[in-house]
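Note on naming: letters A, B, ... go to the chains in the order of the sequence lines (proteins, then strands), and numbering restarts at 1 for each one.
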Amino acid sequence: MINETPRVRFAPSPTGYLHVGGLRTALYNYLFAKRNNGTFVLRIEDTDRNRFVEGAVENLIKALKWAGLDFDEGPETGGDFGPYMQSQRLDIYKKYADELIEKGKAYYCFCTPERLKALKEEQEKQKLPQAKYDKFCLHLTKKEVENKLASGTPKVVRLNVEENHTIKFDDIIREHVEFESNNVDDQVLIKSDGYPTYHLANVVDDHLMKITHVIRGEEWLSSTPKHVLLYDAFDWERPIFAHLPLLLNPDRSKLSKRQGDVAVEDYRDKGFLKDALVNFVALLGWNAGDDREFYYIDELIKSFSLERVNKAGAVFDLQKLNWLNAEHLRKKSNEDLVSLLKEEIKKSKFKDQDFSDNFLSLIIDAMKERVSFVKEFIDTCTYFYEVPFEYEQKSVEKNWKPETPEHLNKLKEEFVSLNNPTKEDFETALSKVSEELNVGKGKLIHPLRLSVSGQSTGPGMFDLLFILGKDEVVKRIEAAIKRIN
RNA sequence: GGCGCGUUCGUCUAGUGGCUUAGGACACCGCCCUCUCAAGGCGGGGAUCACGGGUUCGAAUCCCGUACGCGCUACCA
C-alpha cells in the first residue's frame, strides 16, 4: 500500500451547497493527492432519498471548481470506477449485502419501527448504559426468514457485530483508537427502501474505487469501527484513516448555518477571493511548522502533509479571513484586478457607464493598499465614478473655513492654467499657491480633498487630482465654492 | 446516560523533556512615517500551557486521574 500512488476521495452528500467544512475536507484530500501524485475522486453520497435536493450536485461541482479543486474522477468527468453517484450503484450494494448475509456477517431484520421504538424506550427505562438493537431477528430460523421474505414483509439488512472483542484501528491524526464491540450497534446496512446506508455504501465504494486514504471529518470517527468491521467481514484491506478536526462556530460548536455563513458560495458572493478562502481554510487545522501564513494553492501542495494536521477543532475567524483577503488582493496584478473590478461594476449602479481599463487601473493603484475587497474599489471611493453629491459633515465643519473659497479659487485658477497636468504638475501648482498665500500645504489640501471627493480620507491628494483630471477637478472646485457660499 | 475525541494569549497556531523569562499571526492599543485614510516599520497589553497528582536532576512536552468542551449514539450523511 505504501508504494501505491494514493487515491483519495471527497464524498459529500448533496445538501444543496458546499459547506466550508466540506471545502476544507475536499482541500486536504486534494492537497494530499497532488502532493503525492495521486488521484482525487469526487463521489456523491446520495443514498437518502428524503434529502434529495434539485441541482445540488451541479452546485457542489461548481463551488469545487470555483475554489480550484479539480477532481480527476467523478460525475460528469467520469473515470474507470464509475458511476460516481451512489444512487446509481444500488445493485452493487445489494450484491455485497447478500455476500455478507451468506457469510453470516449480516442478517435480515423484520422488526417494525414500533418494536424498535419500544425496545429503545425499555432500554432507557432500565438505564442500560447503551441502547442498541437486541439481535432479535438474528435468531430467526431459516424457515422463518424465508417465509417473511416470501410474504414481502418490510426488511432491512443489519451488520452482525460479534460481542466481547475490541475493535482497533489506526488513524494518521488520532494515532491509535479502540472501541469495544459491545458498544457498537448492529447497524442497518440496507434500508427498507432498498437503498444502502452511508456505512455500507461508503465501504463498498472505497474498496471498489481503490481508495487508499480515507480523509474525512471527525464526526465519522465514532462510526469507523463499523466500517472497520465491514472491511474485515469482506476480507478487504483497510484504507488508511485520517479524521480531520472540526470547524467550529465562535461558541465552539460544530460550524453551522445558524451562526453565520457556511456555504462557499456565500463567501464568494460576499467578495472573498478564492485564493484567500482556500489559504484561510487550509490553515484551519494545519500548518507547515513555520510562521508562514500566505500561500497559493500550488504552494500548499508542496508543503502539505497529513501528519501535521492538528487534533483540536478550529474556530472559523472571519477577521483573519478578511485580512488574508486583503493580502491576496494586494498581490494580484492590476490586469487581474481590472477584470474583477469590471465584474463588480456590472453589479453596481455604475453598470451603464463606460470606464477605460487605464482609468480603472489608476484607481486600483491609488486604492490597493486601502481596501480588502474588490467591491471597495467602488464603495469606498465613489467619487472616482461620479460627482460627490454631498460633503462629509464633520469634515466640512473642520476644513471649510471663511477663507476657503478664496483659497479654492486661487487653486482653481492655477490648475486651469496647466496644460495636460501630471501628478507632479498639480503638486507644483499647489506649492505655488501655498507660497503666494503664505498658507501651509495641509491647510490647502484638506479643504481641496473635501471639495473634490466629498470625503476626508482617500489616496494621496495629487494622485486623486491626476486621476480625476484637470477639467473634472476644476468643475468640482467650482461646485464646492458655490456650496460653501 | 453511554462511547469516542479533544484542551497553549479573545481567535488561528509554533512547541515532540533542557535552546522558553512560552514564539508568530489576526484583532486591540501606542509611537514613527505622513496632506488624510490605509499600507509599512517599531513597541505594548494579553497564555499560572484546563486542573490535580505522579515520572524525571529538569515537563506545555511522558503517565494517571478529574473537569470542561465537542462529536457520535437514526432505516441522515
Side-chain angles (χ1 to χ4, degrees), chain A residues 11-15 45-48 50-51 86 109 111 113 116 120 123-124 127-132 154-158 171 173-174 177-180 182-185 187-199 201-202 216-225 243 245-246 248 250-254 280 283-294 310-324 326-327 330 366-372 380-381 395 399 427 430 440-450 453 455-462 464:
Chain A
S13 67
T15 53
E45 312 237 329
D46 56 344
T47 57
D48 187 355
N50 302 320
R51 288 221 270 175
Q86 292 187 326
C109 172
C111 290
L116 261 18
K120 197 172 180 181
Q123 286 173 335
E124 273 167 19
K127 292 212 187 328
L128 252 45
Q130 67 278 118
K132 46 176 213 171
K155 62 173 191 299
V156 300
V157 175
R158 283 184 185 275
D171 184 290
I173 296 160
R174 316 277 151 190
V177 186
E178 295 188 4
F179 287 82
E180 290 307 316
N182 292 3
N183 290 322
V184 180
D185 201 2
Q187 184 65 49
V188 169
L189 265 19
I190 302 274
K191 302 179 239 181
S192 57
D193 63 4
Y195 277 65
T197 56
Y198 171 90
H199 309 284
N202 189 265
R216 75 221 310 189
E218 194 193 335
E219 68 265 32
W220 293 109
L221 191 60
S222 296
S223 35
T224 303
H243 286 95
L246 261 20
L248 273 23
D251 71 356
R252 304 204 77 85
S253 57
K254 187 168 148 185
F280 174 65
L283 259 17
L284 250 28
W286 171 86
N287 71 84
D290 52 28
D291 289 339
R292 186 165 178 192
E293 304 211 83
F294 186 94
N310 293 138
K311 294 169 162 63
V315 173
F316 193 92
D317 176 23
L318 260 179
Q319 285 189 315
K320 193 141 189 178
L321 211 207
N322 287 334
W323 169 74
L324 260 179
E327 289 289 299
R330 280 177 211 125
M367 297 301 294
K368 215 172 185 175
E369 310 265 89
R370 290 163 237 267
V371 302
S372 299
T380 65
C381 51
S395 183
N399 293 307
E427 187 161 7
L430 185 131
K441 285 189 202 172
K443 289 262 186 299
L444 293 175
I445 285 173
H446 295 298
L448 211 211
R449 172 186 299 285
L450 180 62
S453 74
Q455 294 185 195
S456 60
T457 65
M461 187 71 251
F462 307 106
L464 178 53

Taken to the nearest whole Å, OH/A:Tyr195 to P/B:A77 is 12 Å

Length of the line joining A:Leu246:CG and B:C72:C1', which is rounded to integer Å:
11 Å

Kindly point out which of B:U13, B:C5, B:C76 is positioned nearest to the side chain of A:Lys191?
B:C76

Should the ring pair A:Trp220 and A:Tyr198 be called parallel, tilted or perpendicular, given that the plane angle runs from 0 to 90° and is split at 30 and 60?
parallel

Side chain of A:Leu116 (C-beta onward), nearest among B:C35, B:C75, B:A74
B:C75

Expressed in whole Å, how much space separates the P atoms belonging to B:G45 and B:G23?
11 Å

For the side chain of A:Ser222, counting heavy atoms from C-beta on, which of B:A77, B:A27, B:C72 is nearest?
B:C72

Take atom CG of A:Asn287 and atom P of B:G15, then tell me their distance rounded to the nearest Å.
6 Å

Quick one: side chains of residues 187-194 of chain A, donor-acceptor pairs under 3.5 Å with protein atoms, not counting sequence neighbours, listed by atom name and distance.
unit_1	atom_1	unit_2	atom_2	d
A:Gln187	OE1	A:Lys226	NZ	2.7
A:Lys191	NZ	A:Thr47	O	2.9
A:Asp193	OD1	A:Tyr195	N	2.9
A:Asp193	OD2	A:Arg49	NE	3.3
A:Asp193	OD2	A:Arg49	NH2	3.4

Result for 5'-nearest mapping on RNA chain B, choosing between A:Thr197 and A:Met461, is A:Met461

Could you check which of B:G24, B:A77, B:G4 has an atom nearest any side-chain atom of A:Asp291?
B:G24

Taking atom P in both B:U11 and B:U36, what distance in whole Å separates the two?
36 Å

Among B:A39, B:A14, B:C75, which nucleotide has an atom closest to any side-chain atom of A:Asn310?
B:A14

Determine the Euclidean distance between corresponding P atoms of B:G15 and B:C33; express it in Å to zero decimal places.
39 Å

